[in-house]
Amino acid sequence: MLIRKPDDIPSSEITPEPIYRDRRTFLAAGALALAGASVPGVLHAAVRRGSNDVSQGEKPNTYEQITTYNNYYEFGTDKEDPSHNAGRLRTRPWSVRVGGLVKKPGDWHLEDLVRVARVEDRVYRLRCVEAWSMVIPWQGIPLAAMLRRFEPLPSAKFVKFTTLLRPAEMPGQQRAILPWPYVEGLRLDEAMHPLTLMATGLYGKPLPNQNGAPLRLVVPWKYGFKSIKAIVAIELTDRQPATTWSIANPEEYGFYANVNPQVDHPRWTQASERRIGKLFGRIPTQMFNGYGAQVAGLYSGMDLRRNF
Ligand SMILES: Nc1nc2c(c(=O)[nH]1)N[C@H]1C(S)=C(S)[C@@H](COP(=O)(O)O)O[C@H]1N2
Ligand SMILES: [Mo]
């Protein structure tokens, strides 16, 4: 018989999923309350989710939904391709190259990198630019805590992220669907925002490969394509970095990609979305995906129609 220490057992394994969900929501709300009033909207959202108001659509999606309906073109373009094909990817050992405008460049072992801060629970909405959405209970560490360890220079204004390039294990990279490797970027203040997370897990389990193991970005107020998976490099820059979808199609995908129901995609409306798992109807899309109280200030004075 295999006997494990209780703390080796993910809570999700010993708690039925619906109870786990409620408990996590409660924990998240409590943690944010302790953190003070700096992110009142998040606390409020967490409390609302805890109220079991299913009609709001704020109940977390199931583990099954989150891990079988994915966008990850390195493993194919159909939603079920990543869950079918990503199992072969080797995510250990893993290191992240840190460079550019920092005092402390260098290669970090994944284990050392995620040890720079305590792992937190964050239940976030994820809104894909394709107009579907989910609610995902992530675990991860704030990107800000990571970046501080690299000591950005005063000249640093942006952060560039790069996905692993390994066509032998990522069959989508054997075709020119997108320019590889996948790259993304944030303004430094967006990257330092307390909502910006480096995710290492979901539902209390290690991040599945199809969701971006072992380390993926989560920027909940932006369209999902900003949340780059399987990160192997982080570079601080003084110029806005090129990003994969704006290279592929600059008319349709911009650098900012803030969720905005008032600015339609050239080929479809962004005013509403299809919540995965909800059988009928669509739900209204919220400005900044509902995180405006926390992040709108980052964009004051900016023309959000031009900076899409
Ligand atoms: N490297 C990489 N990261 C990526 C993508 C991708 O194709 N490659 N797809 C993006 C898109 S479009 C979305 S919507 C989210 C989906 O994340 P999920 O599969 O965990 O829900 O991942 C983003 N990160
Ligand atoms: Mo997406």
Side-chain angles (χ1 to χ4, degrees), residues 4 7-13 24 63-64 66-76 81-99 105-124 126 134 136-150 159-173 180-186 191 195-220 224-235 244:
R4 290 191 289 178
D7 54 351
D8 287 337
I9 303 171
S11 48
S12 49
E13 215 175 287
R24 285 291 152 152
Y63 186 80
E64 171 78 12
I66 295 167
T67 59
T68 59
Y69 190 95
N70 300 99
N71 269 341
Y72 200 170
Y73 278 20
E74 284 84 342
F75 295 102
D81 287 340
S83 55
H84 289 153
N85 301 333
R88 278 176 38 223
L89 176 67
R90 280 181 26 250
T91 60
R92 236 113 289 193
W94 193 273
S95 62
V96 178
R97 174 151 297 181
V98 176
D107 292 335
W108 286 69
H109 291 298
L110 178 72
E111 293 73 15
D112 298 328
L113 196 53
V114 300
R115 230 181 272 133
V116 303
R118 197 171 47 80
V119 173
E120 299 177 22
D121 285 293
R122 301 282 182 89
V123 183
Y124 284 156
L126 177 113
M134 291 199 204
I136 305 182
W138 302 104
Q139 287 76 46
I141 74 171
L143 175 61
M146 221 177 247
L147 294 178
R148 269 188 226 108
R149 293 303 283 275
F150 314 150
V159 189
K160 176 189 171 181
F161 305 88
T162 308
T163 292
L164 178 71
L165 181 66
R166 196 184 284 163
E169 293 177 18
M170 297 176 128
Q173 288 180 342
W180 308 114
Y182 196 101
V183 288
E184 257 304 335
L186 295 172
L195 289 183
T196 305
L197 193 71
M198 278 295 216
T200 56
L202 63 86
Y203 264 118
K205 304 174 199 263
L207 208 55
N209 283 359
Q210 58 268 37
N211 295 91
L215 190 66
R216 67 85 63 82
L217 186 66
V218 180
V219 194
F225 66 82
K226 299 296 289 182
S227 293
I228 179 174
K229 297 175 171 181
I231 294 166
V232 292
I234 302 175
E235 188 187 349
T244 289

Is the side chain of [X] donor-acceptor paired with the backbone N or O of [Y] at a distance under 3.5 Å, no angle test?
{"X": "Glu235", "Y": "Lys160", "value": "no"}
{"X": "Gln210", "Y": "Phe75", "value": "no"}
{"X": "Arg166", "Y": "Arg90", "value": "yes"}
{"X": "Trp108", "Y": "Val114", "value": "no"}
{"X": "Gln139", "Y": "Glu120", "value": "no"}

Find the distance between [atom1] ([X]) and [atom2] ([Y]) and round it off to the nearest 0.5 Å.
{"X": "Tyr72", "Y": "Leu89", "atom1": "OH", "atom2": "CG", "answer": "6.0 Å"}
{"X": "Asp121", "Y": "Leu197", "atom1": "CG", "atom2": "CG", "answer": "10.0 Å"}
{"X": "Thr91", "Y": "Leu215", "atom1": "OG1", "atom2": "CG", "answer": "11.0 Å"}
{"X": "Glu169", "Y": "Glu74", "atom1": "CD", "atom2": "CD", "answer": "13.0 Å"}
{"X": "Thr67", "Y": "Leu202", "atom1": "OG1", "atom2": "CG", "answer": "7.5 Å"}
{"X": "Lys205", "Y": "Asn211", "atom1": "NZ", "atom2": "CG", "answer": "12.5 Å"}

Quick one: are [X] and [Y] in side-chain contact, heavy atoms under 4.5 Å?
{"X": "Pro137", "Y": "Ile66", "value": "yes"}
{"X": "Pro142", "Y": "Arg148", "value": "no"}
{"X": "Val98", "Y": "Arg149", "value": "no"}

Tell me the closest heavy-atom pair linking [X] and [Y], and the distance in Å.
{"X": "Ile234", "Y": "Val159", "answer": "CG2-CG1, 3.6 Å"}
{"X": "Thr163", "Y": "Lys229", "answer": "OG1-O, 2.7 Å"}
{"X": "Arg92", "Y": "Pro214", "answer": "NH2-CB, 4.0 Å"}
{"X": "Lys226", "Y": "Leu217", "answer": "O-CD2, 3.5 Å"}
{"X": "Leu207", "Y": "Arg216", "answer": "CD2-CG, 3.5 Å"}
{"X": "Thr162", "Y": "Pro181", "answer": "CG2-CG, 3.6 Å"}

Evaluate side-chain contact (heavy atoms from CB on, under 4.5 Å) for Met134 paired with Tyr69, printing each intermediate quantity in order. CA-CA 10 Å; Met134 291 199 204; Tyr69 190 95; 3.8 Å; yes
With side-chain contact (heavy atoms from CB on, under 4.5 Å) as the criterion, how do Ile136 and Tyr203 come out once you've worked through the C-alpha distance, each side chain's angles and the decisive distance to 0.1 Å? CA-CA 8 Å; Ile136 305 182; Tyr203 264 118; over 6 Å; no
Give the intermediate values and the outcome of side-chain contact (heavy atoms from CB on, under 4.5 Å) for residues Tyr182 and Tyr73. CA-CA 9 Å; Tyr182 196 101; Tyr73 278 20; 6.0 Å; no
Check against side-chain contact (heavy atoms from CB on, under 4.5 Å), Phe161 and Val96: CA-CA 10 Å; Phe161 305 88; Val96 178; over 6 Å; no
